[in-house]
Amino acid sequence: MIDLKLLSRDFDTVVSKLQKKRVSEEILSQLQDFYKEYKEKKSELEKAQALQNEKSKLFGVYKREGKDIGELKKEVGENKKRVAFFTDVMRESEEKLETLLSQVPNIPDDAVPEGVDESENEILETILTPREFSFTPKAHYELESWLDFERGTKLAKSRFTVIRGKGAKLERALINYMLDFNRSCGFDEVSVPILTNSNSLFGTGQLPKFEEDLFKIEGEDLYLIPTAEVSLTNLFNDEILKSEELPIQITSATPCFRKEAGSGGRDIRGIIRQHQFYKVELVAVTKPEDSNEMLDKMVSCVSKMLTELEIPHRKVLLCGGDLGFSAQKTIDIEVWLPSQEKYREISSISNTGDFQARRAKIRYKDGKKNRLVHTLNGSSLAVGRTLVAIMENFQTENGEIEIPKVLEKYV
RNA sequence: GGACAGAUGGCCGAGCGGUUGAAGGCGCACGCCUGGAACGCGUGUGUAGUGAAAGCUACCGAGGGUUCGAAUCCCUCUCUGUCCGCCA
């Protein structure tokens with residue numbers, strides 16, 4: 001959530017910054033009005049409550065002194081109605097405020113370029129040159145027989161895939177390799193639930209706005225996680241961390257589940273866009289002043305790993321229009337796919353600033369004061385897409401697939 | 001899934017329906033004491049909102065209810081513990 005105090009203090013700045021994310025001024029000005037209204041209503045309520053408390057205390061005194069209570073009772077009865085009235089009014093106003101506020105995305109960092117979609121993202125750096133093929137490279141779904149789409153669909157539905165043989169082994173090798181690599185970058189491995197409740201999903205910003213993209217467990221307040229970011233970040237939900245605990249750096253390998261509602265017919269072939277996929281995730285919790293440095297650290301960690309894996313890739317700074325709901329600044333890492341002759345996203349690393357911290361109430365003790373932390377998250381790599389990248393970049397003319405050297409000891 | 005027990009501040013632990021935001025202890029911070037420390041003594045020490053501040057308001061697992069007034073009484077839910085059942 002954005003900071004309402006900042007909005008009311010410096011309305012114009014917030015409006016201009018949020019224009020990058022195409023949030024209309026109208027919504028923000030409505031929000032500002034609601035906030036003002038809410039504060040007024042709350043203040044009225046508090047006044048009535050104060051009176052009620054004060055008068056109620058007199059009952060004890062009167063009783064002790066043997067005084068008559070009748071008059072007082074009548075007086076307090078009147079005020080009670082006021083309290084009830086303002087409670088209702090205030091609650092209504094609060095609900096309106098929260099409904100609106102929880103839909104407003106994070107304020108982009110000043111470094112975020114203007115732009116409406118991915119075509120206006122800024123390419124920061126390109127690493128490794130794509131190899132020259134002496135033959136026409138095949139798409140990953142045309143190679144080998146690791147991927148069994150028919151049976152995945154039979155077991156579940158379309159966009160579920162069975163991976164067999166060396167492919168299955170390679171997938172597991174990648175997970176192990178990535179976790180080991182992350183540990184060497186200072187991230188501690190954690191094993192977390194892959195179902196979380198709505199409060200956790202609210203904390204990281206998936207709810208309430210993106211419910212249609214989540215798989216929900218019927219009859220329970222539980223959802224399959226769309227990313228381990230939800231579990232890892234909410235580990236600290238409603239906590240006040242000690243200053244010396246920061247920064248926290250953790251990593252986890254989990255399956256992720258997404259309905260891909262609205263993705264239409266995109267990437268229908270292959271395993272680039274699946275309802276279920278493994279992803280190794282990085283999460284960091286830092287003091288506000290350290291978060292941008294941590295973002296760079298995470299990006300370079302992921303990039304180094306891809307370099308070790310010998311996969312050509314590039315770093316891309318997302319423009320305002322392509323920035324996710326919770327993100328303040330995001331750097332995507334894209335890998336080269338020979339069959340598409342394109343770079344495709346394999347990792348997305350974001351600094352969410354205090355946006356998630358405010359929603360999830362994650363704070364730290366700064367001397368006497370409690371301050372909101374900054375949270376960051378990033379795919380250390382989407383495992384399925386890494387598999388695709390390896391298959392396509394390491395294919396040989398006779399359709400076999402070689403394996404990056406660093407993975408040899410893992411398979 | 002069934003039965004019983006419980007849920008209070010960083011922790012332990014009191015708490016008759018009325019100066020209890022909450023005794024007491026531990027821990028922690030600061031000060032005094034000391035050559036230095038321990039001991040001892042003193043002061044302070046939850047979260048959030050609002051306000052320039054004093055203060056005011058809310059919060060004793062969560063949500064409702066009774067009452068002028070609820071940590072305290074009633075209802076629902078959640079969680080934890082123990083026993084039974086089931087089970088990787």
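Quick caveat, the model's predicted, so the values are computed rather than measured. Per chain, numbering begins at 1; letters A, B, ... match sequence-line order.
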* Quick one: label A/E75 by what it contacts on the DNA or RNA (base, sugar-phosphate, nothing), any heavy atom closer than 4.0 Å. => nothing
* Take atom P in B/U57 and the same atom in B/A71, then report the distance between them in whole Å. => 13 Å
* Structure fact -> Comparing nearest nucleotides in RNA chain B, the 5'-proximal residue of the pair A/K39, A/L58 is A/L58
* With the threshold set at 4.0 Å, does a side-chain nitrogen-carboxylate oxygen contact exist between A/D332 and A/K315? -> no
* Asked: Whole-Å distance between B/U19 P and A/K55 NZ?
  -> 18 Å
* Atom C1', compared across B/U76 and B/C83: separation rounded to whole Å -> 25 Å
* Classify every nucleotide of nucleotides 53-60 of chain B by which part a protein heavy atom approaches to under 4.0 Å, writing B for the base, S for the sugar-phosphate alone and - for neither, in 5'-to-3' order. => ---SBS--
* Determine which nucleotide pairs with B/A37, using a 3.5 Å limit on both distances of a Watson-Crick or G-U wobble pair. => none
* Asked: Within 45° of the axis and under 6.0 Å from the centre of the six-membered ring of A/Y38, does NZ or CZ of A/K96 qualify?
  -> no
* Is a salt bridge present between A/E212 and A/K259, judged by a nitrogen-to-oxygen distance below 4.0 Å? -> no
* Structure fact -> Paired to B/U47 by Watson-Crick or G-U wobble criteria (both distances under 3.5 Å) is B/A58
* **Rounded distance in Å between the P positions of B/C16 and B/C11** => 23 Å
* Using the P atoms only, state how far B/G17 lies from B/C74, rounded to an integer number of Å. => 11 Å
* Asked: Tell me: OH of A/Y38 to P of B/G49, nearest whole Å?
  -> 9 Å
Counting only pairs under 3.5 Å, give me each side-chain donor-acceptor contact of residues 111-119 of chain A, with atom names and distances, residues two or more places apart or in other chains.
unit_1 : atom_1 : unit_2 : atom_2 : d
A/D117 : OD1    : A/S119 : N      : 3.0
A/D117 : OD1    : A/S119 : OG     : 2.5

* Hunt down the Watson-Crick or G-U wobble partner of B/C30, both distances under 3.5 Å, from any strand shown, or write none. => B/G42
* Grab the NZ-P distance between A/K369 and B/G46 for me, whole Å please. => 16 Å
* Structure fact -> By the Watson-Crick or G-U definition, both distances under 3.5 Å, B/G1 is matched with B/C84
* Asked: Would a line drawn from the ring center of A/F210 to the ring center of A/F325 be shorter than 6.0 Å?
  -> yes
* Taking the same atom, P, in B/G21 and in B/C59, what whole-Å distance lies between them? -> 11 Å
* Using a heavy-atom cut-off of under 4.0 Å over every strand shown, decide if A/N79 touches base, sugar-phosphate, or nothing. => nothing
* With rounding to whole Å, what would you report as the distance between B/G85 and B/C4 at their C1' atoms? -> 15 Å
* Report the residue from A/T233, A/I248, A/L232, A/L235 that forms a side chain to side chain contact (heavy atoms under 4.5 Å, CB included) with A/V285. => A/I248
* To do: Taking only the side-chain heavy atoms of A/K5 (C-beta and beyond), determine which of B/A48, B/G49, B/C68 contains the nearest atom.
  => B/G49
* With both distances under 3.5 angstrom, what nucleotide forms a Watson-Crick or G-U wobble pair with B/A52? -> none
* To do: Quick one: look up who B/U67 pairs with, Watson-Crick or G-U, both distances under 3.5 Å, and put none if it's unpaired.
  => none
* Asked: Atom OH of A/Y35 to atom C1' of B/G49: distance rounded to whole Å?
  -> 8 Å
* Length of the line joining A/I240:CD1 and B/U45:P, which is rounded to integer Å -> 16 Å
* If we take the P atom in both B/U50 and B/G1, what is their distance in whole Å? -> 42 Å
* **Presence of salt bridge, A/D148 and A/K154, under 4.0 angstrom** => no
* **Euclidean distance for C1', B/A23 against B/C73 (whole angstrom)** => 23 Å
* Structure fact -> Of A/R363 and A/S43, the one whose nearest nucleotide on RNA chain B sits closer to the 5' end is A/R363
* Asked: Whom does B/U78 pair with, Watson-Crick or G-U wobble, provided both distances fall under 3.5 Å?
  -> B/A7
* **Atom pair distance, as rounded to whole Å: NZ in A/K365 and C1' in B/G27** => 15 Å
* Expressed in angstrom and rounded to an integer, what is the separation of A/M1 atom CE from B/G49 atom P? -> 11 Å
* Length of the line joining A/N199:CG and B/G63:C1', which is rounded to integer Å -> 15 Å
* Would A/R359 count as a cation-pi partner of A/F202, with NZ or CZ less than 6.0 Å from the six-membered ring centre and within 45° of the ring normal? -> yes
* Asked: What is the nucleic acid contact for A/R91, judged by heavy atoms within less than 4.0 Å: base, sugar-phosphate only, or nothing?
  -> sugar-phosphate
* To do: Among A/R151, A/Q274, A/E150, find the residue that satisfies the side-chain hydrogen bond (donor to acceptor under 3.5 Å, both in side chains) test when tested with A/T161.
  => A/Q274
* Both distances under 3.5 Å, Watson-Crick or G-U wobble: report the partner of B/G24, or none. => B/C12
